[in-house]
Amino acid sequence: MRLSPRLRTLLISASVLAIAAAGTLVAMSTSQAAADTTDSSYKVWHLNIAGNTLHDGSTTNGLIENFTKSIVNRDIDFVAMNEVCRNQYKAMQSALIDAGWVSNSVSFSRFASARSDSCNGYEFGNAIFSRHPLGTSATHTLPSDGRVEKRNMLCAPLEKQPTMRFCTTHITTSNEVIDGEKINTTQLRFVNKKMLEYNKDKAAIIAGDFNAQPSYGRMNHWYSPNADSEYNGNNSGQFRELDDTDKRCVGYGEHTTAGTNPPSPCPDTHKKIDMIFAHEDHIVGSYSGDSLAISQKCGGPCSDHRIVTGTVTLAVP
């Protein structure tokens, strides 16, 4: 059918308006998606404090004062501790309040017991502290390694930002094969799955003692391929470790223990087993991590691990 010039003009105008409207909808959708996230920066501090092994549950040998000073001086937002005796956890609560890091009216810390037969009768486990109020926490028991200690993953959201969650865990040292897989690998897969679930429509950071070096095959499903390097390759995961851009050992980061057996693939030869992970899809801009020398001000070493710190900005849904 042959169209009149007037009708042809009207149809062309309608098409132009439709295309413009579609473009506006796309722009609105993109703008709305951006508006649905908030860029928030966090400073994280983690340490396996060896609360029973090195300190026999003590709270009076300089340990509490040393850790509190480190946290406050670095203006930390989130703190994760492994191998903590409950009395040490309570002492840290009081010390952080006294130091003005948080108000005594704020619910800012959580503890998850892993065993009750150490620390001179006190419970022993993992702890998290936050400079801002925390919501309801969740304790996930890891697949059993057959030992007395019931290892766990402890997580809590921020009360006023419930889509942001902070977690810690302490993976077993056991290589025993259970149900066809080494139990340390099974525990790592369990924690990784939980972190992927948390990051699906929310955001979460985890800091802990993973008892595995970044270069180990059992960490490949954690590290993103974007972190691949000569020191840490074949990765297939979705997370970045906050020290994996360290120029001294790219993809691996700075060591966190004094141990050299087995050696690190990096030039400094010491092992890295303590890490802070964030999902790469939520990371905004650059991020950084550091490993601090072990203090000797706790009647000897304050731990057999180094303090690990990290700074990251996340787009929080």
Side-chain angles (χ1 to χ4, degrees), residues 46-48 50 52-53 80-83 112-115 117-118 124-126 138-155 167-199 204-225 227-241 243-244 249 251-253 255-266 269-279 304-306 308:
H46 168 262
L47 180 64
N48 179 330
N52 182 60
T53 304
M81 290 183 172
N82 303 140
E83 295 192 22
S113 176
R115 62 187 299 172
D117 60 345
S118 58
F124 170 88
N126 296 318
T139 300
H140 307 287
T141 301
L142 306 190
S144 176
D145 60 1
R147 299 177 178 179
V148 173
E149 183 176 349
K150 305 302 180 186
R151 295 178 183 263
N152 59 60
M153 174 185 181
L154 172 63
C155 300
C167 302
T168 189
T169 195
H170 185 195
I171 302 298
T172 183
T173 58
S174 176
N175 280 308
E176 183 180 355
V177 175
I178 299 178
D179 295 330
E181 185 175 60
K182 290 181 178 180
I183 187 59
N184 48 18
T185 299
T186 302
Q187 289 188 356
L188 285 166
R189 290 191 187 282
F190 178 92
V191 175
N192 181 265
K193 181 179 178 182
K194 290 293 181 184
M195 284 296 291
L196 288 173
E197 291 172 357
Y198 280 143
N199 280 281
I205 294 172
I206 187 166
D209 178 355
F210 287 76
N211 270 314
Q213 296 193 56
S215 54
Y216 287 5
R218 63 178 181 264
M219 293 300 297
N220 285 353
H221 66 286
W222 274 90
Y223 282 85
S224 163
D228 279 5
S229 73
E230 63 178 304
Y231 304 114
N232 177 18
N234 303 312
N235 295 305
S236 59
Q238 299 179 37
F239 295 91
R240 298 302 297 259
E241 202 282 314
D243 197 34
D244 68 18
C249 195
Y252 185 99
H255 69 274
T256 66
T257 75
T260 59
N261 185 26
S264 156
C266 298
T269 75
H270 298 300
K271 295 188 297 183
K272 178 185 179 71
I273 58 175
D274 304 278
M275 305 163 194
I276 305 171
F277 284 104
H279 197 287
D304 52 357
H305 292 244
R306 286 179 152 211
V308 175

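Heavy-atom basis, side chains included; hydrogens, waters and symmetry copies ignored. Numbers here are sequence positions counted from 1.
Residues Glu241 and Pro214 fail the side-chain proximity criterion, which asks for heavy atoms closer than 4.5 Å.
In this pair, His140 and Tyr198 present their aromatic rings tilted. The plane angle is within the 30 to 60° band. Between Phe210 and Phe277, the ring planes lie perpendicular to each other; the angle is over 60°, past the 30° to 60° tilted range. Using cut-offs of 30° and 60° on the angle between ring planes, the pair Phe239 and His279 is perpendicular.
Counting only N and O atoms by type, the side chains of Asp228 and Asn235 include a donor and acceptor under 3.5 Å apart. Thr186 and Glu181 are linked by a side-chain donor-acceptor pair at a separation below 3.5 angstrom, with hydrogens and angles left out of the test. In this model, a donor atom of one side chain and an acceptor atom of the other lie less than 3.5 Å apart for Asn175 and Asn184. If you check the side chains of Asp209 and His46, you find no donor sitting under 3.5 Å from an acceptor. A donor-acceptor contact closer than 3.5 angstrom is absent between the side chains of Asn192 and His221. Looking at Thr173 and Arg147, their side chains do bring a donor and an acceptor atom within 3.5 Å of each other. At a cut-off of 3.5 Å, with distance as the only test, a side-chain donor of Asn126 or Asn82 sits close to an acceptor on the other residue. The closest side-chain donor-acceptor pair between Ser174 and Asp145, if any, does not fall under 3.5 angstrom.
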Report the C-alpha separation of Gln213 and Tyr252 in whole Å, then their side-chain angles, then the decisive distance to 0.1 Å, and conclude whether the side-chain hydrogen bond (donor to acceptor under 3.5 Å, both in side chains) test is met.
-> CA-CA 8 Å; Gln213 296 193 56; Tyr252 185 99; 2.4 Å; yes
